[in-house]
Amino acid sequence: MSSMISISDSEFETEVLKATQPVLVYFWASWCGPCRLMTPIMNAAAQTYGDRLKVVKMEVDPNPVTVAQYKVEGVPALRLFKNGELVGSVEGIDSKQKVTSLLETNL
């Protein structure tokens, strides 16, 4: 059983790009209403796929480098990485089914 960890720009390379397993990055903001709806979905994904996937969250405002690099234009946003490569992305609030579909397709 796994849980989400919070990361910053300085940890992104180590925690995401150099990870040995796929990583789902959840971009969020404290002022974002839809993010509050997305957080339980992300926690569920971390628990459901924890044996095959690492789920991390990154607050957008204090981490402008990664946000700009991966063109996060709205929150909540998801970026899925495998072997250091971006393999999937979703912007805006999404259903649990869409998150599950992204993960099932790429894991």
Parallel, tilted or perpendicular: which one describes the rings of Phe12 and Tyr70, with boundaries at 30° and 60°? tilted
Side chains of [X] and [Y]: closer than 4.5 Å at any heavy-atom pair?
X: Pro64; Y: Asp9; result: yes
X: Leu80; Y: Leu103; result: yes
X: Lys82; Y: Leu107; result: no
X: Leu78; Y: Phe27; result: no
X: Leu53; Y: Val23; result: no
X: Ser3; Y: Gln47; result: no

Spacing of [X] atom [atom1] and [Y] atom [atom2] [to the nearest 0.5 Å]:
X: Ser95; Y: Met38; atom1: OG; atom2: CE; value: 8.0 Å
X: Met4; Y: Trp28; atom1: CE; atom2: CH2; value: 9.0 Å
X: Thr66; Y: Leu17; atom1: OG1; atom2: CG; value: 8.5 Å

Among residues two or more places apart or on two chains, list those pairs meeting salt bridge (charged side-chain N to carboxylate O under 4.0 Å, His left out) that have a residue in residues 65-80. Arg79-Glu91
Please determine whether residues [X] and [Y] belong to a single hydrophobic cluster, defined as Ile, Leu, Val, Met, Phe, Trp and Tyr linked transitively by side-chain heavy-atom distances below 4.5 Å.
X: Ile5; Y: Met42; value: no
X: Leu37; Y: Ile41; value: yes
X: Leu102; Y: Val75; value: no
X: Val90; Y: Val56; value: no
X: Val16; Y: Val65; value: no

Would the number of heavy atoms belonging to other residues, nucleotides or ligands and lying under 6.0 Å from CD of Glu85 be above 12? no
Listing request: all side chain to side chain donor-acceptor pair (under 3.5 Å) pairs with a residue in residues 31-40, at least two apart in sequence or in separate chains.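 Only Tyr26-Thr39, Trp31-Asp61 qualify under side chain to side chain donor-acceptor pair (under 3.5 Å).
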side-chain contact (heavy atoms from CB on, under 4.5 Å) between Glu59 and Ser30, intermediate numbers included: CA-CA 8 Å; Glu59 190 170 2; Ser30 58; 3.6 Å; yes
Sidechain-backbone polar pair: Asn63 side chain, Ser8 backbone, donor-acceptor under 3.5 Å: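 Side chain of Asn63 to backbone of Ser8, a donor-acceptor pair under 3.5 Å: no, none is there.
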Hey, does the side chain of Lys54 reach the backbone of Gln21 with a donor-acceptor pair shorter than 3.5 angstrom?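 Not at all, since once roles are kept as given, no pair shorter than 3.5 Å links the two residues.
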Restricting to pairs with a member in residues 30-107, which pass disulfide bond (SG atoms under 2.5 Å apart), not counting sequence neighbours?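 Applying disulfide bond (SG atoms under 2.5 Å apart) to every pair that reaches into residues 30-107, excluding sequence neighbours, yields Cys32-Cys35.
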Member of Val55, Thr100, Leu24 meeting the side chain to side chain contact (heavy atoms under 4.5 Å, CB included) criterion with Tyr49: Thr100
